[in-house]
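This report refers to the structure that appears directly beneath it.
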Amino acid sequence: MNPITMSAPDISDADIECVLSVLKSGHLALGPQSIEFENQMANYIGVPHACTVSSGTAGLFLALKALSIGVGDEVIVPSFTFVASVNAIMHTGATPVFVDIEPRTWNLDCELIPALITKNTKAIMGVDVFGHPVRWDTLKGIAKKHNLSLIDDSCEALGSSYQGKKIGAWADVSVFAFYPNKQMTTGEGGMVVTPHAHIDETIRSLRNQGRNAMSAWLEHQHLGYNFRMSELSAALGVSQLERINSIVRKRKLVADTYEHYLSSHTNITRQVIQSDVDVSWFTYTILLPKTVDRNQIMKDLTNRGIPTRNYFPPVHTQPYIKKFFSDEIKLNLPMTESISKRTLTLPFHNHITEDQISFIANTLREELDLSDTNRPNEIQP
């Protein structure tokens with residue numbers, strides 16, 4: 001059996017040719033590939049505006065800046081997410097207000113949000129965790145009632161849909177990321193999509209050193225940044241997006257294969273997929289019983305050639321957060337802390353084979369049996 005890798009990009013010969021053609025053209029920045037990529041993405045999501053950026057993190061930061069969020073403002077966000085969601089808020093000078101998550105989908109719990117809203121709250125940032133959409137209809141209702149902006153950290157959810165509508169088309173501004181472990185990749189890179197022309201215009205200026213579309217090259221209307229995407233990355237994005245439906249189908253097949261081999265594991269809980277969503281799988285993450293030593297399981301699996309990850313350690317427990325929040329602040333996030341202690345993300349990508357998945361499932365079963373626990377998880381679908 002070939003070595004098992006945690007993730008791997010799906011790169012075709014056509015992808016390589018697209019990148020080579022840009023290299024041969026000599027036009028490596030701010031060119032036609034970026035425009036084509038933006039147009040294709042806007043059409044795919046079903047929104048009028050899409051803007052390439054250098055990363056998903058940069059996109060989230062620019063989205064917040066375009067919404068005029070800064071010092072003294074508060075943004076409600078889950079702690080069960082990758083740190084970039086929260087870092088983007090903090091880099092604007094705003095304060096993240098952490099909300100707990102649902103026990104089934106592991107997304108932010110919409111029912112808890114109203115109690116967290118203050119006079120300083122300016123936005124809610126939903127995160128489509130592992131590709132599973134947030135309850136966007138409910139979230140939109142809350143945002144409208146309280147006159148809040150709505151941001152979708154959709155960096156893990158390209159291709160997912162909620163109630164038949166593509167993720168990226170629900171919020172005031174949504175951000176995708178194209179790191180190599182995502183559904184599609186541009187190496188590094190991201191995309192900001194929005195239905196609002198003024199938000200798109202601001203983000204385009206900020207990503208390009210503060211230049212406006214009609215400004216002279218060395219005339220800068222805003223304090224901006226260099227958050228542009230290269231033509232090489234954009235060309236790869238164009239090629240990848242042309243076969244995104246095929247890529248998403250392959251990832252679903254991998255997830256279904258895991259489901260087949262793990263369905264009999266009564267002491268493993270999986271993220272519950274709601275009936276009104278269509279998930280574009282980012283990772284395959286399971287929940288171990290409380291009685292299992294996850295770190296030991298991870299170590300034992302690594303020794304047997306199976307890499308794993310503990311997605312996600314809560315952001316509010318990260319060492320750097322202590323520099324920004326006093327010890328007196330007590331956060332009530334019991335579900336976040338319970339679930340995050342037991343998550344285990346298994347190898348997941350389009351090149352993994354059924355034999356490898358079978359080996360992973362059987363090895364995991366053996367290691368769980370060795371842990372001498374068969375008690376079912378208390379959080380059941």
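Keep in mind that this is a model prediction, so the values were computed, not measured.
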Exercise. Taking the six-membered ring for Trp and the single ring otherwise, decide whether the centroids of Phe282 and Tyr179 are under 6.0 Å apart.
Key: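 Between Phe282 and Tyr179, the centre distance exceeds or equals 6.0 Å.
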Quiz item: Does the separation of the ring centres of Phe130 and Trp281 fall below 6.0 angstrom?
Solution: no
Consider only side-chain N and O atoms of [X] and [Y], and report whether a donor and an acceptor are under 3.5 Å apart.
X	Y	result
Ser154	Asp128	no
Asp15	Ser239	yes
Thr118	Glu74	yes
His220	Ser215	no
Ser233	Thr186	no
Asp355	Ser358	no
Ser85	Asp153	yes
Glu38	Thr52	yes
Tyr162	Asp137	yes
Gln240	Thr185	no

Where do [X] and [Y] come nearest, in terms of heavy atoms and distance?
X	Y	value
Asn107	His132	ND2-O, 2.9 Å
Val279	Gly131	CG1-O, 3.8 Å
Pro133	Ser161	CG-O, 3.5 Å

Hphob cluster co-occupancy, [X] + [Y], side-chain heavy atoms under 4.5 angstrom:
X	Y	value
Ile273	Trp170	yes
Ile35	Phe176	no
Ile339	Phe98	yes
Val83	Phe61	yes

With a sphere of 6.0 Å drawn around [atom1] of [X], does it hold more than 12 non-hydrogen atoms of other residues, nucleotides or ligands?
X	atom1	answer
Met214	CE	no
Asn147	CG	no
Lys299	NZ	no
Asp13	CG	no

Pair [X] + [Y]: basic N to acidic O under 4.0 Å:
X	Y	answer
Asp10	Arg251	no
Asp278	Lys166	no
Glu17	Lys24	no
Glu111	Arg135	yes
Arg304	Asp300	no
Arg207	Glu201	no

Exercise. List the steps and the verdict of ring-ring contact (aromatic ring centres under 6.0 Å, His included) for Phe178 and Phe37.
Key: CA-CA 12 Å; Phe178 308 125; Phe37 189 20; 5.5 Å; yes
Self-check item: Pairing residues for Phe227 by the ring pair (Phe, Tyr, Trp, His ring centres under 6.0 Å) criterion, not counting sequence neighbours
Solution: Tyr225
Practice problem: Using the test ring pair (Phe, Tyr, Trp, His ring centres under 6.0 Å), find all partners of Tyr44 that sit at least two apart in sequence or belong to another chain. | Solution: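 Partners of Tyr44 under the ring pair (Phe, Tyr, Trp, His ring centres under 6.0 Å) test: none.
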Listed by chain and number, what are the side-chain hydrogen bond (donor to acceptor under 3.5 Å, both in side chains) partners of [X], not counting sequence neighbours?
X	result
Ser174	none
His265	Arg365
Lys122	Asp73
Thr105	Glu102

Quiz item: Between the main-chain N or O of Val22 and the side-chain N or O of Gln33, is there a donor-acceptor pair closer than 3.5 Å?
Solution: no
Quiz prompt | Donor-acceptor contact below 3.5 Å, side chain Ser280 vs main chain Leu158 | solution = yes
Quiz prompt | Parallel, tilted or perpendicular: rings of Trp106 and Phe80 (30°, 60°) | solution = perpendicular
Quiz item: With Val192, which of Ile199, Val173, Leu60, Asp200 fulfils side chain to side chain contact (heavy atoms under 4.5 Å, CB included)?
Solution: Val173
Rounded to the nearest 0.5 Å, what separates atom [atom1] in [X] from atom [atom2] in [Y]?
X	Y	atom1	atom2	result
Ile4	Thr308	CD1	OG1	11.5 Å
Ile203	His49	CD1	NE2	10.5 Å
Thr95	Ile69	OG1	CD1	11.5 Å

Quiz prompt | Residue from Gln221, His222, Arg211 passing side chain to side chain donor-acceptor pair (under 3.5 Å) with Ser205 | solution = His222
